[in-house]
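For reference, the structure discussed in these notes is given below.
Predicted model only: the values in this text are computed from it and were never measured. Only this structure's heavy atoms are used, side chains among them; waters, hydrogens and symmetry mates stay out. Residues take their numbers from the sequence shown, with the count starting at 1.
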Amino acid sequence: MTQEENEARLEKLKGIVKAMPEKPGSYQYYDAEGTIIYVGKAKNLKSRVSSYFHTEVDRFKTKVLVSKIWDISYTVVNTEEDALLLENALIKKYNPRYNVLLKDGKTYPSICITKEYLPRIFPTRNINKKWGTYYGPYSHVGAMHGVLDLIKKLYRPRTCRQPMTKEGVEGRKYQVCLEYHIKNCGAPCIGKQPWDDYQKNIAQAREILKGNTREVQRQLRDDMMRLAEELRFEEAEELKRRYLLLEQFVAKSEVVSHTIDNVDVLSITNDEKVAFVNYIHVSNGQINQSFTFEYKKRLAETDEELLQLAIVEMRERFQSEAKEIILPQEVNIDLKGVTITVPQRGDKKTLLELSLMNGRQYKFDRLKQAEKLNPEQKQVRLMKELQDLLHLPKMPYQIECFDNSNISGTDAVAACVVFKKMKPSKQDYRKYNIKTVVGPDDYASMKEVVYRRYHRLVTEEELLPDLIVADGGKGQMEVIRQAVQDELGLDIPIAGLAKDNRHRTNELLYGFPPRVIGIKDTSELFRVLTHLQDEVHRFAITFHREKRSKRALESELDSIKGVGPKTRDELLNGLKSVRRIREAELTVLEGFVGAAKARIVYDYFHPEE
């Protein structure tokens, strides 16, 4: 598209915007092929749509959307609530490319009560409202089966799939099945259980599925007391059994004050690409519905915009008529007869925190599920988490850590371990002998090794690390900074892992002057960092032990004039240790290396003879 064509396109669109009414409604954007690519809603159509064409629009994704628009249409409605409903319906119908994508919950099961003469109650994933009334969906299948088991124990609804009619029951067309004989069904198919009694049970089951368990309890108690007064004790005992079962169920599910009735709760948990909105419905102090919506963001939508969409989706999907909605923040939405509450304390605040906890857990579960399918996703997540924590310019793909090891300055060595994508890269590990430092000076040793390491990488034009981690606190970080920044002029971020007085890593340090970075010691990222620290310590100690052992052997045999590596190896292979060589008789030594070499070794260890 040429510049002239683009200017003509924008002029046409601005002409449409100027003619738009200042009323609530929904607007639709079309691309060059006439396909709807975005659906929005507004209190004021003209004001909202014109904001897309301002020169100061700063969202990159919004600019991309505007560049694709070739035509605009709109629909005027009476209220903002109608605009929300219309927007929701159009998004579902056209699934526009630039609208948030709601991952549908059709795969979650619901509970169906059929519209048959003798209704059945069962779980299903297929929704067809022509056949019955549906309650759900249930994101937690265990909770759904818990409710079904309760209804089965309370009311024993029929489970057979045979179509039953009033004429068939009255004409004795059906026969009882095994469920009747094992007392799981009252046999309404042959009139053993009266139709009115069966329908009353189904009505109470509906109330339980709606969350009105306290109302059902009240009915059961009234009926139980009435039957007892009429001396119908067996029937009263059956109602008492139901009442106690329901009481146990309510005791497990009631989490807030029973004074909170018919309330919806929504909370939002975000990351860059996906938002998770948890919805909880509370009736008579009891949670009877909990579901988490997953929205894939397309235009960096705000929390307020996502909550608006979720509220409309929730009211439609769950047929909610709640007069109060509890939210974590103020949302500019006007619903007739509905109060928006942002609680600061009390039971409603507890409900909001519970909703937020559910949303976070759902996000965590989805993340774990994705990481099992794609292990690299976990590593990228940890790198991103560390980048955000330290405000690094890029993700720390390569991390290097240093440590020293010596005993009173002897056999001084250092080690460098390398982690790539948060995993050890052992082929890149390096060992260093300390060359310029005399005595036990850890800081000077660290500075020497760091300088040698990165001077060589720069000289050989190798890749530099994205982050250097010191196995220690402020002192080690400072000497690394002197070597890297002051002497080599490199700009590499430096962090430190400090230990407490029990020699346990307890702090992550970053910056100059170093400051403590808040990170939970139980988090996955902290475990990776401590693994890095443990690995460099292990590698340095192992190298130090190897050098010390080698020096012990060299001081005894390699320092003997006239004894070379071949003679040394023959003696060690034969006698296994320097102590045995020292204690051996001359004739024994001659058996391994001959008379001349044996005499040299023997005279070395026995100078007095």
Side-chain angles (χ1 to χ4, degrees), residues 106 108-138 141 144-246 249 288 318-319:
K106 290 179 181 176
Y108 293 107
S110 297
I111 294 176
C112 175
I113 298 183
T114 63
K115 296 179 179 179
E116 298 171 283
Y117 176 69
L118 295 174
R120 293 176 294 130
I121 304 176
F122 57 88
T124 181
R125 295 177 189 269
N126 300 316
I127 308 298
N128 187 341
K129 295 184 179 179
K130 180 172 68 175
W131 302 109
T133 306
Y134 294 85
Y135 301 87
Y138 289 84
V141 178
M144 180 193 70
H145 285 296
V147 176
L148 284 171
D149 288 344
L150 173 71
I151 291 173
K152 185 176 181 181
K153 289 176 183 177
L154 287 174
Y155 305 116
R156 299 169 184 159
R158 74 181 183 100
T159 57
C160 55
R161 298 183 179 182
Q162 187 174 1
M164 293 186 179
T165 62
K166 180 179 180 180
E167 294 76 16
V169 173
E170 292 175 348
R172 303 286 179 174
K173 178 181 176 181
Y174 312 112
Q175 294 182 347
V176 295
C177 60
L178 179 63
E179 290 293 297
Y180 168 73
H181 294 295
I182 62 176
K183 298 184 179 180
N184 282 342
C185 179
C189 56
I190 61 171
K192 284 276 187 180
Q193 181 182 11
W195 183 84
D196 290 342
D197 183 59
Y198 188 86
Q199 292 297 330
K200 184 177 180 180
N201 287 349
I202 294 295
Q204 289 187 352
R206 291 181 191 275
E207 292 302 310
I208 290 174
L209 291 173
K210 291 177 183 177
N212 299 328
T213 49
R214 289 192 173 275
E215 178 62 25
V216 177
Q217 277 185 293
R218 187 190 62 75
Q219 291 179 13
L220 287 173
R221 184 177 178 82
D222 291 347
D223 290 345
M224 179 176 64
M225 300 303 292
R226 178 178 54 79
L227 290 172
E229 290 175 359
E230 295 175 3
L231 306 182
R232 296 160 63 182
F233 297 117
E234 289 186 4
E235 296 173 66
E237 182 63 27
E238 171 60 20
L239 293 186
K240 181 181 178 182
R241 181 189 69 83
R242 296 183 183 182
Y243 180 86
L244 292 176
L245 279 172
L246 200 53
F249 177 79
N288 62 11
F318 299 106
Q319 301 176 358

State whether a side-chain donor-acceptor pair under 3.5 Å links Y174 with Q162. no
Please check if atom OH in Y155 has more than 12 non-hydrogen atoms from other residues, nucleotides or ligands closer than 6.0 Å. yes
Hey, mind stepping through E237 and R241 against salt bridge (Lys or Arg N to Asp or Glu O under 4.0 Å) and telling me if it holds? CA-CA 6 Å; E237 182 63 27; R241 181 189 69 83; over 6 Å; no
Contact check, side chains of I202 and R206, non-hydrogen atoms, under 4.5 Å: yes
Output yes when a side-chain donor or acceptor of R172 lies under 3.5 Å from a complementary backbone atom of I190, and no otherwise. yes
Please test R242 against N201 for side-chain contact (heavy atoms from CB on, under 4.5 Å), starting from the C-alpha separation and ending with a verdict. CA-CA 11 Å; R242 296 183 183 182; N201 287 349; 3.2 Å; yes
Taking all non-hydrogen atoms of both residues, which atom of L154 and which atom of E238 are closest, and how far apart? O-OE2, 4.5 Å
CH2-CZ distance between W131 and R120, expressed to the nearest 0.5 angstrom: 10.5 Å
Can you name the one residue among T124, I111, I113 that meets side chain to side chain contact (heavy atoms under 4.5 Å, CB included) with Y134? T124
What residue pairs, at least two apart or across chains, pass salt bridge (charged side-chain N to carboxylate O under 4.0 Å, His left out) with a residue in residues 217-229? K200-D223, E215-R218, R218-D222, D223-R226, R226-E230
Supply the atom-to-atom distance Q217 CD to M224 CE, rounded to the nearest 0.5 angstrom. 10.5 Å
Gap separating the CD1 atom of I182 from the CZ atom of R156, nearest 0.5 angstrom: 11.0 Å
Test side-chain contact (heavy atoms from CB on, under 4.5 Å) applied to Q204 and L220, step by step: CA-CA 10 Å; Q204 289 187 352; L220 287 173; 3.9 Å; yes
I'd like to know if the side chain of Y135 reaches the main chain of I208, judged simply by a donor and an acceptor atom lying under 3.5 Å from each other, with no hydrogens or angles considered. no
Nearest non-hydrogen partners of P119 and Y198, listed with the distance: O-OH, 2.6 Å
Is a side-chain donor or acceptor of Q199 paired with a backbone partner of Y117 at a separation under 3.5 angstrom? yes
Using side-chain heavy atoms (C-beta onward) and a distance below 4.5 Å, is T114 in contact with F122? yes
Quick one: does R232's side chain have a donor or acceptor within less than 3.5 Å of a partner on L227's backbone? no
Could you go step by step and tell me if R158 and E116 meet the side-chain contact (heavy atoms from CB on, under 4.5 Å) rule? CA-CA 11 Å; R158 74 181 183 100; E116 298 171 283; 3.3 Å; yes
Between K192 and G186, what is the shortest heavy-atom contact and its length? CB-O, 3.3 Å
Rounded to the nearest 0.5 Å, what separates atom OG1 in T165 from atom CG in L118? 9.0 Å
Exam field: side chain K173 to backbone M164, donor-acceptor pair closer than 3.5 Å: no
Considering non-hydrogen atoms only, spot the tightest contact between G132 and C112 and give its length. CA-SG, 4.3 Å
